[in-house]
A.B. asks: 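First the structure, which I've put down as structure tokens, then a few questions once you've had a look.
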Amino acid sequence: MTHAAPPKRDFIRELVAEDVATGRFHRAPATRFPPEPNGYLHIGHAKSILLNFGIAREFDGRCNLRFDDTNPATEDMRYVESIQEDVRWLGFEWDGLFFASDYFEKLYEIAELLVKKGKAYVDSQSEEEIRTNRGTVTTPGVDSPYRNRSVDENLDLLRRMRAGEFPDGAHVLRAKIDMAHPNMIMRDTLLMRIRHFDHYRRGDTWPIYPLYDFAHGLSDAFEGITRSLCTLEFKDNREIYEWLVNEAGFENPPTQIEFARLELDYTVLSKRKLLRLVNEGFVSGWDDPRMPTIAGLRRRGVTPEGLRNFAEAIGVARKPARTELATFEHYVRDDLNMRVPRVMCVVNPLKVVLTNYPEGEGEQLEASYYPHDVPLTGSRPVPFSRELYIEREDFMENPPKKFFRLAPGREVRLRYGYFITCTDVVKDSAGEIEELRCTYDPATRGGDAPDGRKVQGTIHWVSARHALDAELRLYDKLFTVPNPDDLPEGQEFTDVLNPNSLVVVPNAKIEPSVGADPVGSRYQFERTGYFMTDPVDSREGRPVFNRTVTLRDTWAKLKGQPG
Ligand code: ATP
Ligand code: MG
């Protein structure tokens with residue numbers, strides 16, 4: 001329903017357009033989204049998905065989903081499945097589905113090729129020695145004593161590595177480049193290491209694992225990718241990327257382009273850190289609605305459109321920048337505003353008795369689901385009766401000047417209903433307000449007085465007898481500081497978790513119309529916020545609602561301010 005702005009022409013799309021115009025790659029633009037299946041996808045991945053799949057769509061190209069599963073210790077099939085679900089939920093379908101772990105044989109062949117060309121060697125230094133001998137940014141590294149092994153010796157060792165003859169760490173395969181190279185990554189880059197480990201797809205059949213640099217660019221090349229889009233941390237890896245695809249003999253090989261990753265305030269976007277939140281019990285799981293994971297956002301009620309609009313709006317740039325949480329919420333809200341029905345839910349109920357409404361009687365009021373500025377129509381009947389609930393906050397016994405809602409002697413409008421006037425306040429023995437006595441004006445049915453008299457406030461309500469009990473889960477920022485990745489020494493991200501990131505309202509009262517809706521339905525609770533029924537914990541007759549986002553839009557306000 002909402003109109004997403006056409007994707008912006010960022011510097012990457014400019015390059016791809018140029019590729020198409022010049023025919024540089026002699027093939028249609030091809031991209032890939034290459035997650036490691038070591039966790040659930042997060043909102044940062046959504047940015048990458050939109051970019052890669054978006055380019056393929058816009059330029060009539062292809063986009064593959066490739067699992068970069070070359071680290072046997074951390075990967076799992078459940079992550080493979082969740083990642084596919086999340087990509088599809090975002091609205092994309094891959095042209096090819098690949099696993100780097102299916103390329104082990106091909107990568108091994110290239111390893112042999114490099115050895116035969118004298119471009120790679122087997123190093124038998126310890127991990128420690130390799131690290132020390134790499135040098136530093138200011139000092140050159142030291143050649144390994146094994147650097148000048150003959151091709152035959154290297155080939156023999158490599159074959160025996162593959163045959164599983166050696167224990168972990170006994171040897172590694174390295175590119176033979178330059179131990180004094182100004183780019184540290186080019187100092188005889190590590191290509192393959194021995195790992196006797198159960199890989200989630202290959203079992204223990206394969207004892208040597210390619211490292212990121214060796215696997216990534218060549219996997220791109222196998223798939224005919226043209227532009228390999230990655231985040232800025234990989235800038236220094238571009239040189240080895242190019243070196244490898246060229247040494248391996250690919251014609252018109254893919255090239256790497258880096259862009260700034262999404263960094264969102266008040267959250268962390270690293271699977272490693274998110275995994276800790278899950279494992280250490282700070283959240284209920286990967287799909288906890290407070291998590292910045294796609295699964296968490298989905299469960300919270302965010303729509304794929306809202307997420308896509310956000311990712312498109314922030315665009316793609318070379319320069320790192322942080323994004324305010326309010327920007328994200330703005331796009332989520334903007335999309336929900338245009339598509340979800342409005343219903344009435346009382347969060348903190350206060351009983352109201354209409355003393356002049358006949359006891360035992362009731363009626364149905366027609367309430368529209370959408371305001372006039374939303375291009376959807378529809379309505380539902382809302383039961384009205386002598387006893388109602390209103391929000392406790394909508395009543396004040398001694399109101400200040402600017403309080404326009406209910407107070408003793410004051411008249412307000414019940415949304416879609418009648419004008420009511422408060423006549424009495426009933427208190428319990430402790431002096432707490434127990435209920436209000438009010439009168440209603442039968443002539444104001446539908447919300448207007450025939451005599452033209454005005455009221456200053458309109459409040460929402462539910463009929464006490466008809467309302468359903470509901471649990472509300474109100475979410476707030478997961479962290480108390482904007483950047484939990486950048487903390488003073490001695491503090492870590494788990495120290496700055498927001499203790500109030502989840503507030504449970506056990507007994508809200510909601511109008512009965514929602515009882516017939518399927519789980520996963522989204523609403524605006526009038527004057528309260530956007531909510532979705534929780535698909536996991538909702539029970540028949542006892543729905544649980546997750547607050548997706550509040551109604552207030554601080555970001556739009558800020559943007560509207562002059563200067
Ligand atoms: P994490 O630290 O969360 O594990 P990662 O980069 O290691 O992130 P991968 O699964 O390897 O995660 O990433 C898959 C793709 O998603 C990569 O191309 C990566 O550049 C991209 N990506 C990851 N995080 C972000 C982010 N915050 N913003 C944009 N793209 C991202
Ligand atoms: Mg990673």
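Whatever order the structure lists them in is the order used to number ligands and atoms, beginning at 1.
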A.B. asks: Is a side-chain donor-acceptor pair under 3.5 Å present for Tyr212 with Asn237?
C.D. replies: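 Asn237 vs Tyr212: no donor-acceptor pair found between side chains.
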A.B. asks: With a heavy-atom distance limit of 4.0 Å, tell me whether Phe33 approaches ligand 1 through its side chain, its backbone, both, or neither.
C.D. replies: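 The answer is the side chain.
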A.B. asks: Quick one: sort the Tyr209 and Phe104 rings into parallel, tilted or perpendicular, breaks at 30° and 60°.
C.D. replies: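 Aromatic pair Tyr209/Phe104 classed perpendicular.
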A.B. asks: Using distance alone, decide if ligand 1 has a nitrogen or oxygen within less than 3.5 Å of any nitrogen or oxygen in Leu262.
C.D. replies: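 There is such a contact, yes.
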A.B. asks: Validate the cation-pi geometry between Lys271 and Tyr40: distance from NZ or CZ to the six-membered ring centre under 6.0 Å, angle to the ring axis within 45°.
C.D. replies: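 Output no; distance or angle outside limits.
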A.B. asks: Compare His45, Glu258, Lys47, Glu263 and give the one whose heavy atom is closest to atom 5 (P) of ligand 1.
C.D. replies: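 It is His45 whose heavy atom sits nearest to atom 5 (P) of ligand 1.
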A.B. asks: Could you say whether the N/O atoms of Glu233 and ligand 1 ever approach to under 3.5 Å?
C.D. replies: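 There is no such contact.
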A.B. asks: Does any N or O atom in Thr231 lie less than 3.5 angstrom from one in ligand 1, N or O only?
C.D. replies: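 Looking only at distances, the answer is yes, because the N/O contact criterion of under 3.5 Å is met.
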A.B. asks: Where does the angle between the aromatic ring planes of Phe222 and Tyr103 fall among parallel (under 30°), tilted (30 to 60°) and perpendicular (over 60°)?
C.D. replies: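 Ring orientation, 0 to 90° scale: perpendicular.
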A.B. asks: Checking side chain to side chain contact (heavy atoms under 4.5 Å, CB included) against Thr548, which of Thr303, Val340, Val302 comes through?
C.D. replies: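 Single pass found, and it is Val302.
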A.B. asks: For ligand 1, is there an N or O atom under 3.5 Å from any N or O atom of Glu36?
C.D. replies: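 In this structure, Glu36 places an N or O atom under 3.5 Å from an N or O of ligand 1.
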A.B. asks: What I want to know is whether Ala260 and ligand 1 share at least one N or O pair that is separated by under 3.5 angstrom.
C.D. replies: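 There is no such contact.
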A.B. asks: Could you check whether Arg333 makes a cation-pi contact with Tyr530, meaning its NZ or CZ is under 6.0 Å from the centre of the six-membered ring and within 45° of the ring axis?
C.D. replies: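 Because its charged atom misses either the 6.0 Å distance or the 45° angle limit, Arg333 does not stack over Tyr530.
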A.B. asks: May I ask you to list the atoms of ligand 1 that are less than 4.0 angstrom from any heavy atom of Lys271?
C.D. replies: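 Taking each heavy atom of Lys271 in turn, ligand 1 has 1 (P), 2 (O), 3 (O), 4 (O), 9 (P), 10 (O), 12 (O) under 4.0 Å.
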A.B. asks: Measuring from non-hydrogen atoms of His42 to any atom of ligand 1, is the shortest distance under 4.0 Å?
C.D. replies: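 Judged by the 4.0 Å heavy-atom criterion, His42 does count as contacting ligand 1.
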A.B. asks: Considering the options Arg66, Arg32, Lys106, which one meets the salt bridge (Lys or Arg N to Asp or Glu O under 4.0 Å) requirement together with Glu223?
C.D. replies: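 Only one option passes, and that is Arg66.
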